[in-house]
Amino acid sequence: MKKHAIIPIFIPHRGCPHDCVFCNQRKITARTDFVTPEDARKIIDTWLTTLRPAGSDASGHEGDRHTVEAAFYGGSFTGLEIEEQSAFLKVTYEYKKKGLIDKVHLSTRPDYIDREILDNLKRYSVDTIELGVQSFDDEVLRLSNRGHSSGDVYRAVDLIKEYGFELGIQLMIGLPGDSAETCIMSAKETAKIRPSLARLYPTIVLDDTELYNMYKSGAYEPLSREEAVYRTKEMYKILDDAGITIMRVGLKSTEIIGKGGAINGGTYHPAFRQLVEGEIAKERIEPLLRDILIDDASSSGKQTVMICSNNLWFSAMIGHKACNRKYFAEKYPDAGIKYSADDRLSDGEFSVSFY
């Protein structure tokens, strides 16, 4: 079975003149260097040496190999001058033609999409465009100084779909002016658009941002971790039910963030996705567990209950730091609960039975 490998090419805060209140791109990417197309070539070469299986040729075609995707992160790629976009894309196009990479992926803003840009991306065989939408609520976008409206999102989505690119949508949770209702609305609008993939990011207050100044003055209050998990969980379920692949939940750790100096408030957690999926698991398992115990209430013999998930969701089933296992053990002490993996189950699906 092929595995999917992403070669990240970071272009820190390039192509974007806007100063969104939450953004300090240098701290997010932990990079400050000016990245050139030649740097991109070196990055791809370095990664490819780690992805070729032993005994394969330079193209990696012998034996099993990864599906390789080169991805431009860290800035609004299509905000670069068209000539600079082309210079980077010529590099990835060369590797793609040789069969060394399979896909090209980039992130940008909804207001940096037009036909000239898309013609150029198509010319260089780009596959996936992710839009940093953040919210479909215009007041939230205004208060966050995004510089675009929800109307820009719909126009960009229509064009991207017309050109046949794979579409991704990025949403943020807990921006200024946000509420549980606006977050849910944004998830529902995303489900209507039906992108192939989505990312969910709870808002993090970073140093050296306008949001940090708002936080210090009391004008902005970060979500509690519990509220951030709750909102993200509800949005996750909407997107998952729509068949959208949820690529990431929560901001990825970097060396700077890991030291804690750049973060304020309690929203950030290095295992945020596990917190969210663990709550979904608990929410889905408990009614199944309750029903089987109610049905067996008249039985005189004590039986062991087995709760199963597939291997991918096993850690979510157990919960972060075994919180779900502790919860069920304390609430149902006579059930003698055990846990097992069953890969006949789908992602996010659970079975509860007597063992």
Side-chain angles (χ1 to χ4, degrees), residues 171 173-174 180-181 183-184 187-188 191 198-204 222-253 265-355:
L171 298 175
I173 298 100
E181 291 73 23
C183 287
I184 296 300
K188 288 181 176 178
R199 300 177 194 261
L200 297 174
Y201 295 119
T203 300
I204 306 295
L223 296 179
S224 67
R225 185 170 298 160
E226 293 74 19
E227 180 65 15
V229 168
Y230 168 74
R231 292 190 193 182
T232 308
K233 170 177 69 76
E234 295 304 307
M235 296 170 74
Y236 184 116
K237 292 189 295 183
I238 291 168
L239 301 179
D240 189 50
D241 287 347
I244 298 165
T245 298
I246 302 171
M247 293 287 291
R248 179 164 291 283
V249 180
L251 189 65
K252 185 177 181 179
S253 324
T267 308
Y268 176 74
H269 192 284
F272 193 82
R273 182 172 193 138
Q274 189 182 19
L275 297 181
V276 171
E277 291 181 342
E279 284 298 304
I280 292 172
K282 183 172 75 172
E283 189 177 86
R284 292 177 179 175
I285 290 167
E286 185 152 31
L288 299 175
L289 179 59
R290 191 166 50 237
D291 287 348
I292 197 172
L293 293 176
I294 290 173
D295 290 343
D296 190 57
S298 60
S299 174
S300 57
K302 184 176 180 180
Q303 301 184 66
T304 298
V305 172
M306 181 68 75
I307 304 176
C308 295
S309 71
N310 66 19
N311 274 291
L312 186 62
W313 273 72
F314 190 86
S315 62
M317 174 175 64
I318 299 299
H320 182 63
K321 295 186 177 180
C323 62
N324 286 350
R325 184 165 58 191
K326 295 173 186 174
Y327 170 83
F328 289 126
E330 291 174 3
K331 189 166 183 179
Y332 305 95
D334 296 327
I337 300 171
K338 294 184 180 297
Y339 298 86
S340 183
D342 181 352
D343 278 331
R344 292 173 297 180
L345 296 169
S346 302
D347 292 348
E349 180 185 9
F350 305 91
S351 67
V352 179
S353 59
F354 287 115
Y355 177 65

How far does [atom1] of [X] sit from [atom2] of [Y], to the nearest 0.5 angstrom?
X: Glu181; Y: Arg231; atom1: CD; atom2: CZ; result: 8.0 Å
X: Ile307; Y: Tyr355; atom1: CD1; atom2: OH; result: 14.5 Å
X: Trp313; Y: Ile318; atom1: CH2; atom2: CD1; result: 13.5 Å
X: Leu312; Y: Met317; atom1: CG; atom2: CE; result: 11.5 Å
X: Cys308; Y: Glu349; atom1: SG; atom2: CD; result: 10.5 Å
X: Leu251; Y: Thr203; atom1: CG; atom2: OG1; result: 10.5 Å

Self-check item: Salt-bridge present (Glu234, Lys237; N to O < 4.0 Å)
Solution: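 Yes, this pair counts.
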
Are the side chains of [X] and [Y] in touch, meaning some heavy atoms are under 4.5 Å apart?
X: Leu200; Y: Leu239; result: yes
X: Tyr201; Y: Thr232; result: no
X: Asp240; Y: Ile280; result: no
X: Arg225; Y: Leu275; result: yes
X: Arg290; Y: Tyr332; result: yes

Of all heavy-atom pairs between [X] and [Y], which one has the smallest distance, and what is that distance?
X: Thr304; Y: Gly336; answer: CG2-O, 2.8 Å
X: Cys183; Y: Met235; answer: O-CE, 3.5 Å
X: Ser340; Y: Met306; answer: CB-SD, 3.6 Å
X: Phe350; Y: Leu288; answer: O-CD1, 3.5 Å
X: Leu223; Y: Thr267; answer: O-OG1, 3.0 Å
X: Pro202; Y: Ala228; answer: CB-CB, 4.3 Å

Quiz item: Can a cation-pi geometry be assigned to Lys282 and Tyr327, taking NZ or CZ under 6.0 Å from the six-membered ring centre and within 45° of the ring axis?
Solution: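 Lys282 over Tyr327 ring: yes.
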
Quiz item: Would you find a donor on one side and an acceptor on the other, under 3.5 Å apart, between the side chain of Asp343 and the backbone of Asn311?
Solution: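 Looks like yes, one N/O pair under 3.5 Å.
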
Quiz item: Pick one: which of Glu283, Glu277, Glu279, Glu227 meets salt bridge (charged side-chain N to carboxylate O under 4.0 Å, His left out) with Lys233?
Solution: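 With Lys233 as partner, salt bridge (charged side-chain N to carboxylate O under 4.0 Å, His left out) holds for just one option, Glu283.
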
